[in-house]
Amino acid sequence: MVQHFPCAKCQVPSTNCCSKCRRVYYCSREHQKADWTNHKTLCGPPFKIEESEVEGRYLVASRLIKAGEVILQELPLVIGPKLKTLPLCLGCYKPITDTYRCSRCNWPLCSSACEEYAFHKNGECRMIDPTLMINHLSQGSINSQVYQCITPLRYLSLPDSDKERLDKLVSHLEQRRGTDIYRLVEQNISSFLRYRLLLTQYDSESIQRVCGILETNCFEIRFQGRVSVRGLYPTASLMNHDCVANTRHVFDPDDFRIRILATQDILAGEKISATYTQSLWNTLDRRFHLKSTKHFWCQCKRCTDPRELGTNLSAIKCTNCRGTIISRDPLDQMADWECSDCGSVRKVEQIKRLHDSVRMELKQIAQLARNHPEKLEDFIRKYSGAIHPDSCHVIEAKYALVQLYGNTPQLLYDELSEELIEKKLNYCHQLLKLADVIEPGLSQLRGHLLFELQSVMEHKAKRAFKHDSAEFKELIKDAAGHLMASAEILRYETHWPEILEKRRLVFDRILKEM
Ligand SMILES: C[S@@+](CC[C@H](N)C(=O)[O-])C[C@H]1O[C@@H](n2cnc3c(N)ncnc32)[C@H](O)[C@@H]1O
């Protein structure tokens, strides 16, 4: 499915872009010509690179960037398997059944067409002596661990000019030295490449640096029907992190090109940010994850506020007075927590233990949720009282139900009670309010929630009201508006254009009949 972007002149979806900046799309040469006076001032990149001691390099808007604008697009210089991966075709990244082997190097692929993918052909296929892989690639016994060396090897085999660009990226080599991940790289990648595959031209330090660069800077690339892989993009990886980011990214399924889209208007001088973590996690978890994987303590606005910008995702109810317990200093992972009403104090270890046990319980319930959604409802009831109705765990349970109700066998709309329809509707509204704070604008979370909202509204309208009633018409019109809003966000994601088009036809028909 080729990605379409709206023509800058008339909004008609198009695949042709300005050949200079490749960020702005036109449906025809006429519209490109007509827009030139406007576009010529915007044709260069809308960002510059700045640097600070604490954050290193980062991207800053050099002019107003409008929500929805493509900020940059680029091809990956390296793409390949993640450290933990399922066995996959090294050409197209689909899961393999080991029925075809590369005629040159003997690595499992889908077909002869996959032998020609440049990253495979110029990487492991050219670099590894197939006779040395015989034991590791014998039929029926491929250990997914052997894939760990592929992406670093693809990096190491790049032309010098590409390598020079990537070598400037942050590796955190010093912080990684002596850690578990450093030892794992030493055993599974460095020793494997040097002593098993006899690639002794690469020293252990260089291999460790490359692995550090890959883990600090790669984007995860997921497509339905393919194993998820990682890609390294020299400019996109200069976006620093913020727990409320102002961009999102989409990948082109044909060439893995990344496009960075502004989710909100970004003023000249503002940082252009991405999120390296999960927006529904609480502050303790997000900060710990960023420190352990990316080696920095986040100090963004959201992390600084003990109430997480008023969302209370981290908050816990006080068992003494039912007030709200929050951290005394969220930028200190060891700080005590305190009830804002009665002042009683909890040690952070106690708070962490509580979060860990609730998270574990939710994980177990979520695995059964397809057949037992009522367990998620019980969880929500129990922990809205026992922790906090806005707690991240309660929110995650609600989001899981929003995705299940109406979309899963046995939970399709026709089988849902009115009560469950109403529940889904309420959860969508609550979660959208939250998303407006933690993932505002044209974010993927808002796109998915708006999509779920329009579908449940349509079903409620059909069920609750007569087709010629004012209530029916109002609900359907609102739902159609939400569909348009979700389409504006999701149309760049693979598979979504067809789904959105089907929904549009449904609403077209209903609106015509009204
Ligand atoms: C993908 S790189 C981003 C570009 C990087 N700043 C550079 O100079 O190349 C990720 C690294 O940037 C730094 N970084 C990103 N966001 C940060 C933030 N909000 N605060 C501090 N450091 C940050 C961390 O060192 C992190 O591991």
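Both counts, for ligands and for their atoms, begin at 1 and track the order of listing.
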- Query: Does the side chain of Ser204 pick up a donor-acceptor pair with the side chain of Glu186 at under 3.5 Å?
  - Reply: yes
- Under 4.0 Å from ligand 1, counting heavy atoms only: the protein residues, by chain and number: Val54, Glu55, Gly56, Arg57, Val170, His172, Thr216, Asn217, Ser237, Leu238, Met239, Asn240, His241, Tyr276, Lys294, Phe296
- Message: Please verify the inter-ring angle class for Phe219 with Phe251; under 30° counts as parallel, over 60° as perpendicular, anything in between as tilted.
- Response: perpendicular
- Message: Parallel, tilted or perpendicular, judged at 30° and 60°: which one describes the rings of Phe5 and Tyr25?
- Response: parallel
- Message: If the threshold is 4.0 Å, N to carboxylate O, is there a salt bridge linking Glu115 and Lys121?
- Response: no
- Would a line drawn from the ring center of Phe256 to the ring center of Tyr93 be shorter than 6.0 Å? yes
- Minimum side-chain heavy-atom gap Gln430-Leu434 below 4.5 Å: no
